[in-house]
Amino acid sequence: MSDFSVKDCAHMARALRLAARGRYTAHPNPMVGCVLVNADEVVGTGWHRFTGAAHAEVNALREAGEKARGASVYVTLEPCSHDGKTPPCTEALINAGVGDIIVAMEDPNPDVDGGGLKLLRAAGLGVRTGLMAAAAAELNAGFVKRVTQRRPFVRLKIASSLDGAIAMQSGESQWITGPEARADVQRLRARSGAVMTGIGTVLADDPSLNVRAANIDTGGLQPLRVVLDSRMRMPLAAGMLTLPGTTLVFCTGKHDTAALHKAGAEVLSVADFEGHVDVRAVLRELANRGVNDVLVEAGPGLAGNLLERGLVDELVIYQAPHIMGSQTSGWIKTPSWTTLADRRSLIISDVRRVGADTRITASLAD
């Protein structure tokens, strides 16, 4: 028999919806939502808006006021027990005199080791965990990946025709998908700590890699723009260098980077892997910078490299309802895959129409 009632589930579902409101603004912190219930009445709600702002629990306590005393607390992530940019939430909950606490998931950071829950139990509060834990973990998949595996969650975005083409052999590629799909990509960018591409895409398309949609409130945040450029061919006149935010160029070996620094880029040299920038080293560096989610918008070389090395956590494929024919470029190059046994099976989690196009969300089965 479940330890949780139907009402428990309804309150936690509300907390998860509140947490999701921080999708574009909370990172690198996790998204967290909180609901306070006293005598079957919701007396306080809160969610974490952005780093440095009050946490979800504190916002809910402020709204509840004196009604927080004796209330049940529904929170999507284990309350923090350490001093950071804000005081610990465990202390605020204990001081408010709440009754019991229902937590969707424990903090996955091994350095935390359930410290928040231990403090709450030591203060005499009833603590239950695991309600809608899978949904909470999925909401913060990037944060979980970063703190447990020391690398970000990698999301590979592809826009292709139905026959898998991303450009004509001449290089012509704008636009394969429709305006609705392109607007959807803006939302993917907004939820990402970094958008990554290869130098080939920069030279061919001069992409901006920023969030431009006026209807997406990112609180002024822009994703880190990341370019993999082993031989330092990054143009000083690249459009992204003129935009607010940071452009980070990864190369291999030693190069004269003074001009590129002056143009507005930060340059880091990392290990070489088979003549290319080692993407594992790049992902480690991004994790060290607090990046939870990386959106990859790149050509077939980088896309194939990531897939061959098992570094893609999710694929988002936009398929336009047309056929571009044989004089085209495909979206992936995987020279090590030479037989049917090398193919990768996908688990498709979502298929939906976005305008005239079809968006497929999938992960690798292995």
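Among residues two or more places apart in sequence or in another chain, the side chain to side chain contact (heavy atoms under 4.5 Å, CB included) test is passed with A287 by R146, P152. Here E41 pairs with K67 under the salt bridge (charged side-chain N to carboxylate O under 4.0 Å, His left out) rule; sequence neighbours left out.
In terms of modelled atom types and a separation under 3.5 Å, the side chain of T257 and the main chain of L260 share no donor-acceptor contact. Here the side chain of T76 pairs no donor or acceptor atom with the backbone of L16 at under 3.5 angstrom. Looking at D256, its side chain does come within 3.5 Å of a backbone N or O of A258 through a donor-acceptor pair. Here the side chain of E314 pairs no donor or acceptor atom with the backbone of R155 at under 3.5 angstrom. Side chain of T361 to main chain of S349: no donor-acceptor pair is present (N/O by atom type, distance under 3.5 Å, no hydrogens or angles). Using a distance-only test at 3.5 Å, with no hydrogens or angles considered, no donor-acceptor pair links the side chain of R233 to the main chain of I199. With hydrogens and angles ignored, the 3.5 Å screen pairs a side-chain donor or acceptor of D342 with a backbone N or O of T339.
Heavy atoms only, all atoms of each residue included: N59 and G46 are closest at CB-CA, 3.9 Å. The minimum heavy-atom distance linking H27 with N292 is given by the pair CB-ND2, 4.1 Å. Here the shortest heavy-atom pairing between N109 and R150 reads OD1-NH2, 4.5 Å.
The pair D184-K157 fails the salt-bridge criterion, with no side-chain N (NZ, NE, NH1 or NH2) lying under 4.0 Å from an Asp/Glu carboxylate O.
Ring geometry for H55 versus H48: interplanar angle over 60°, hence perpendicular rather than tilted (30 to 60°).
Atom CD of Q149 sits in a crowded spot, with more than 12 heavy atoms from other residues, nucleotides or ligands closer than 6.0 Å. Within 6.0 Å of CD on Q174 lie more than 12 heavy atoms contributed by other residues, nucleotides or ligands. Heavy-atom neighbours of Q169 CD from other residues, nucleotides or ligands within 6.0 Å: above the threshold of 12. The environment of CZ in R121 is crowded: more than 12 heavy-atom neighbours from other residues, nucleotides or ligands sit within 6.0 Å.
With P79 as the partner, the side chain to side chain contact (heavy atoms under 4.5 Å, CB included) test is satisfied by one option alone out of I94, L119, L93: L93.
Side-chain N/O atoms of Y24 and D217 include no donor and acceptor closer than 3.5 Å. Counted by atom type alone, D293 and S192 present zero donor-acceptor pairs between their side chains at under 3.5 Å.
With hydrophobic clusters built from ILVMFWY side chains whose heavy atoms lie under 4.5 angstrom apart, F50 does not share a cluster with V291.
Taking Ile, Leu, Val, Met, Phe, Trp and Tyr as members and joining any whose side-chain heavy atoms lie under 4.5 Å apart, directly or through other members, the hydrophobic cluster of M324 also contains M168, I176.
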